[in-house]
Amino acid sequence: MPAPDELASFVREALRLGHSRDDIAETLQRAGWTHEQIASALGAFADVDFPIPVPRPTPYVSAKEAFWYLVLFTSLYL
């Protein structure tokens with residue numbers, strides 16, 4: 001479940017200001033966000049020691065690529 005833009009922006013800013021992930025998660029939980037939303041938002045940023053938050057790469061496969069994979073595997077099977 002992807003996190004809403006406002007949640008991702010909040011997490012990015014909080015990490016940039018140097019708050020710990022535990023403090024951010026606790027604050028968001030008290031504000032009413034679900035555990036899954038919090039985990040998704042925090043998981044979008046790598047846990048590395050760097051002055052600004054580092055986003056993690058997200059896997060992406062388009063419908064066009066999926067279609068071509070299906071065609072290629074079907075032709076290989078035949």
Side-chain angles (χ1 to χ4, degrees):
M1 166 188 311
D5 289 339
E6 60 190 11
L7 180 58
S9 296
F10 174 82
V11 170
R12 179 184 297 113
E13 185 65 20
L15 288 171
R16 188 184 68 77
L17 292 174
H19 295 284
S20 73
R21 290 176 177 267
D22 293 333
D23 289 343
I24 296 168
E26 182 181 331
T27 301
L28 289 171
Q29 192 169 21
R30 284 187 294 167
W33 293 95
T34 66
H35 178 69
E36 292 80 18
Q37 290 171 321
I38 295 168
S40 175
L42 287 172
F45 298 96
D47 192 12
V48 295
D49 188 27
F50 197 72
I52 59 172
V54 179
R56 292 182 190 259
T58 54
Y60 171 76
V61 177
S62 69
K64 180 180 178 181
E65 289 173 341
F67 171 75
W68 280 114
Y69 289 145
L70 179 64
V71 168
L72 291 173
F73 282 116
T74 302
S75 66
L76 181 65
Y77 177 74
L78 294 175

Using 0.5 Å steps for rounding, measure from the [atom1] atom of [X] to the [atom2] atom of [Y].
X	Y	atom1	atom2	value
Phe73	Leu78	CZ	CG	13.5 Å
Arg16	Phe45	CZ	CZ	12.0 Å
Glu26	Ile38	CD	CD1	10.0 Å

*Taking side chain as C-beta onward, heavy atoms only, is Arg12 less than 4.5 Å from Ile52?*
no
*Flag the pair Leu28 / Ile24 as yes when at least one side-chain heavy-atom distance between them is below 4.5 Å, and no otherwise.*
yes
*Would you say Ser40's side chain and Glu36's backbone share a donor-acceptor pair under 3.5 angstrom?*
no
*Pick one: which of Phe67, Trp68, Tyr69 meets side-chain contact (heavy atoms from CB on, under 4.5 Å) with Glu65?*
Tyr69
*Sort out for me which residue in Leu17, Leu15, Val11 forms a side-chain contact (heavy atoms from CB on, under 4.5 Å) with Glu13.*
Leu17
*Should the heavy atoms of other residues, nucleotides or ligands under 6.0 Å from CD of Gln29 be counted, would the total exceed 12?*
no
